[in-house]
Amino acid sequence: MPSLVEALSRDVGAAFAALELPAELGRVVESDRPDFAPYQCNGAMAAAKQAKRNPREIAQSIAEKLAADHLSMKVEVAGPGFLNLTPDDAAYSTQANVLASDERTGADSAAHPLKLMIDFGGPNVAKPMHVGHLRSSVIGDCLQRLMRFRGHDVVSDIHLGDWGLQMGHLITELEDEQPDLPYFDGEVTGGYPSEPPVTIDDLSRLYPQASAKAKEDPARNERSRKATAELQAGRPGYRALLAHFIAVSIAALKEDFNALGVHFDLWKGESDVNDLIPEVVADFKAKGVAEESDGALIVRVARDSDKKELAPLILVSSAGAALYATTDLATILERRREQDPQLILYVVDLGQSDHFEQVFRAAYKAGLAQEGGLEHVKFGTVNGTDGKRLRTRAGGTFKLADLIEQARDRARDRLNEAGLGAELSKDEFESVAVSVANAAIKFSDLSNVRTTNYIFDLDRFVSFEGKTGPYLQYQSVRIKSILRKATDQGLEPGEIVVGKAEEAALVRRLDGFNAAVIRAERDRAPNVLCEHAYNLAQAFSGFYANCPILPEKDEAIRASRLKLAATTLRQLELVLGLIGMDVPERM
RNA sequence: GUCCCCGUAGCUCAGCAGGAUAGAGCAACGGAUUCCUAAUCCGUAGGUCGGAGGUUCGAAUCCUCUCGGGGACGCCA
């Protein structure tokens, strides 16, 4: 079922065609000037340019043609040649009932579903999750929900960073602290303790320590590189340590991700593809894609058309170790064998643009993937209120878990302030607080345009006023409350009959859902969903304030409004679900 | 040095393929609750869209230059 915009575009397009003008010029959009009309078409001016005619005359002819067609709308010509279109109430009513009868309130599935994978560019095993990790988690999760909603077959992979030099740093730093552990004894090749020698706090301490030392001292760095190479070559003690590091790290990560309500199909990591690396390297050599340079094996990926010089990808370092790019390539091979995706989305910050450009080109060059089958869904950095990048080593950075807890504290306070604590059981209260905190965190992150940097301001993050997640939950809960009361009173929703301006405005917003979902999918843009959710909630506010539902005496009108409210709720829950937010029963 | 991204109201940000008077939220000020949840709603005020050229009937949007901020540039991830 086409949306109003689509139906109008078709009608106006037909009118253009009837005048022997391109039908595409009939494209109708929501108006910039809702005080004139809710919809507009600017095609007459473009047509005038092409045909070298007077735009107003063309617009006038279109308007006359449309009037002759007896369509369910008012058409006016304004300014230099704008066509202002105003559907009548019957058109809104018809559309509203169509949307209401659809489980998805008008949202289509993709015409050609894809098999696709989402790579969350996982957190590093060596480091605890900090606020910088929020973006890939929240954006990636939104995308996996959105893509599934569109009917794509999605497999998500957290893809932990558990294989590079950072592991060498951890191993050598731990060796310095606890040299007597059996893992470091070259003679011992098995029977290692099953208890991990470190906690997550140890891990988060060891890595920065080692990294700082290595920066000052090349010899110290060389030790880590050597350990990395030995680990990758399969030294038993190091492999046993790695297994501990990963297990400890995953346990901690699962807590954070569960707290956020983010889930992955696969908990793979870079270390999982180690066995494939020799094959990838041999394959690249055989195909003549890789070559020696300064003791390393590299792939030249620069192209003549490049504006900037892209460095070659380093497949094997001069120390003999696989690097970040190598494991990414091996992972592409693994995924091709196990999942065979048509598209892989990498949800990783934009600082790694060059890296992915290198990997993608190398993969295409070697025939590991089809051109266009790999896509970097990049996002901006998280900055502090001083506008500078929030870094792990900056000192002031706090953990993601702390952020979540602070948001929850704030949510509990607000619930209490509003006097809502008393009505709920302790469990209910806590679950609402959790849900509200998540909504606040996710919405404030996702409502930013993905590719821009944004300023992380805790106060703003946990403020629940205005354009926020909790506001949207509140609106939804309010509708739930009305519907619950209606049920209690034995009231049934009925056919929607639009009679007031606020009802028409609400129908227009509901009608825009499909376009928003499609645009969000096309641009991988969660903020479009946020925008739609907020506009919908605002339209409902206008409706709520001006159109009594339960107090309405006219039975038919009441039933109509009840259905409009129920449809709004359904769509709100759908779109908030895509964002990753829950809607409590009451709050 | 080369390349990429950003610069819109006091603050944080939208602005989709060039269209009419550039929109939200916060903060400020003024209102609204005998009525379905006031985490709400309505109103007021606030902008040389960093700057200068250019293309166009028409530019925040496209092109060039320039200033300011951020980032990336062969063995870290």
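Convention: sequence-line order gives letters A, B, ...; per-chain numbering from 1. Keep in mind it's a predicted model, so treat the numbers as computed, not measured.
Summary of the strand contacts: N221(A) and R450(A) both lie near RNA chain B, and taking for each the nucleotide with the nearest heavy atom, the more 5' one is attributed to R450(A). Nearest-nucleotide positions on RNA chain B for T468(A) and P312(A) put T468(A) closer to the 5' end.
In this model, no donor atom of one side chain and acceptor atom of the other lie less than 3.5 Å apart for E573(A) and S476(A). Using modelled atom types and a 3.5 Å distance limit, the side chains of T568(A) and R509(A) yield no donor-acceptor pair. Neither side chain, H169(A) nor S211(A), offers a donor N or O lying under 3.5 Å from an acceptor on the other. One side chain, S541(A) or Q475(A), offers a donor N or O that lies under 3.5 Å from an acceptor on the other. D328(A) and Y346(A) share no donor-acceptor pair across their side chains, judged by distance under 3.5 Å alone. Using a 3.5 Å distance cut-off with no hydrogens or angles, the side chains of N527(A) and S447(A) do not pair a donor with an acceptor. Between the side chains of Y324(A) and Q352(A), at least one donor N or O lies within less than 3.5 Å of an accepting N or O. Donor-acceptor pairing under 3.5 Å is lacking for the side chains of N514(A) and S3(A).
Computed from coordinates, the R300(A) CZ to G74(B) P distance equals 13 Å when rounded to whole Å. Per the geometry, CH2 belonging to W163(A) stands 16 Å off P belonging to C76(B), to the nearest Å. Rounded to a whole Å, the CD atom of Q358(A) is 9 Å from the C1' atom of C73(B). Rounded to whole Å, the distance from CZ on F443(A) to C1' on C13(B) is 12 Å. In this structure, D349(A) atom CG and C76(B) atom C1' are separated by 14 Å, rounded to whole Å. Rounded to an integer number of Å, the gap from CD of E531(A) to P of A24(B) is 11 Å. For D354(A) and C73(B), the CG to C1' distance is 6 Å, given to the nearest whole Å. Atom CG of N535(A) is separated from atom P of G25(B) by 10 Å (rounded to the nearest Å).
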Inset, instruction - Under 3.5 Å for both distances, Watson-Crick or G-U wobble, that's the pair rule; now give the dot-bracket for RNA chain B, with | marking pairs to another strand and [ ] for crossing ones. - result: (((((((..((((.....[...)))).(((((.......))))).....(((((..]....))))))))))))....

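Look at the P atom in both C62(B) and C49(B): the space between them is 15 Å, to the nearest Å. Using C1' as the reference atom, U21(B) and G15(B) are 15 Å apart when rounded to the nearest Å. U33(B) and G51(B): their P atoms are spaced 44 Å apart (whole Å). For the P atoms, the distance from G50(B) to U34(B) is 46 Å, rounded to whole Å. Atom name C1', nucleotides A52(B) and C16(B): the rounded distance is 28 Å, in whole Å. The same atom, P, is picked in A24(B) and in A39(B); the two are 23 Å apart, to the nearest Å. Taking the P atoms as reference points, C65(B) lies 39 Å from G25(B), given to the whole Å. Separation of the C1' atoms belonging to U64(B) and G71(B) is 24 Å when rounded to the nearest angstrom.
By the 4.0 Å N-to-carboxylate-O rule, E417(A) lies too far from R410(A) to be salt-bridged with it. Note on R508(A) versus E503(A): no salt bridge recorded, every NZ/NE/NH1/NH2 to OD/OE distance being 4.0 Å or above.
Counting non-hydrogen atoms under 4.0 angstrom, R519(A) reaches a base of the nucleic acid. Using a 4.0 Å heavy-atom criterion, one finds that D294(A) contacts the bases of the nucleic acid, with or without backbone contacts as well. When heavy atoms are screened at a 4.0 angstrom cut-off, E417(A) is found touching no nucleic acid atom at all.
Residue R225(A) places its side chain closer to C75(B) than to any other of G74(B), A77(B), C75(B).
A donor-acceptor contact shorter than 3.5 Å links the side chain of R450(A) to the backbone of R524(A).
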Inset, instruction - Go along nucleotides 17-23 of chain B 5' to 3' and tag each nucleotide: B for a protein heavy atom under 4.0 Å from its base, S when only backbone or sugar atoms are that close, - otherwise. - result: BBBBB--

Inset, instruction - Report, as a single string ordered 5' to 3', how protein heavy atoms within less than 4.0 Å touch nucleotides 32-44 of chain B: B base, S sugar-phosphate only, - not at all. - result: ---SBBSBSS---

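Environment of CD in E309(A): sparse, with no more than 12 heavy atoms of neighbouring residues, nucleotides or ligands closer than 6.0 Å.
Looking at residues two or more places apart in sequence or on another chain, you find a side chain to side chain contact (heavy atoms under 4.5 Å, CB included) between E76(A) and K74(A), N84(A). Scored by the salt bridge (Lys or Arg N to Asp or Glu O under 4.0 Å) test, E555(A) finds no partners at all (sequence neighbours excluded).
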Inset, instruction - Dump the intermediate steps for ring-ring contact (aromatic ring centres under 6.0 Å, His included) on F464(A) and Y471(A), then the final yes or no. - result: CA-CA 7 Å; F464(A) 300 150; Y471(A) 165 77; over 10 Å; no

Within the sub-3.5 Å range, which N or O atoms of nucleotides 1-9 of chain B have a protein N or O partner, and how far apart are they?
none

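P38(A) is not listed as a side-chain neighbour of S31(A), based on a closest heavy-atom distance of 4.5 Å or more.
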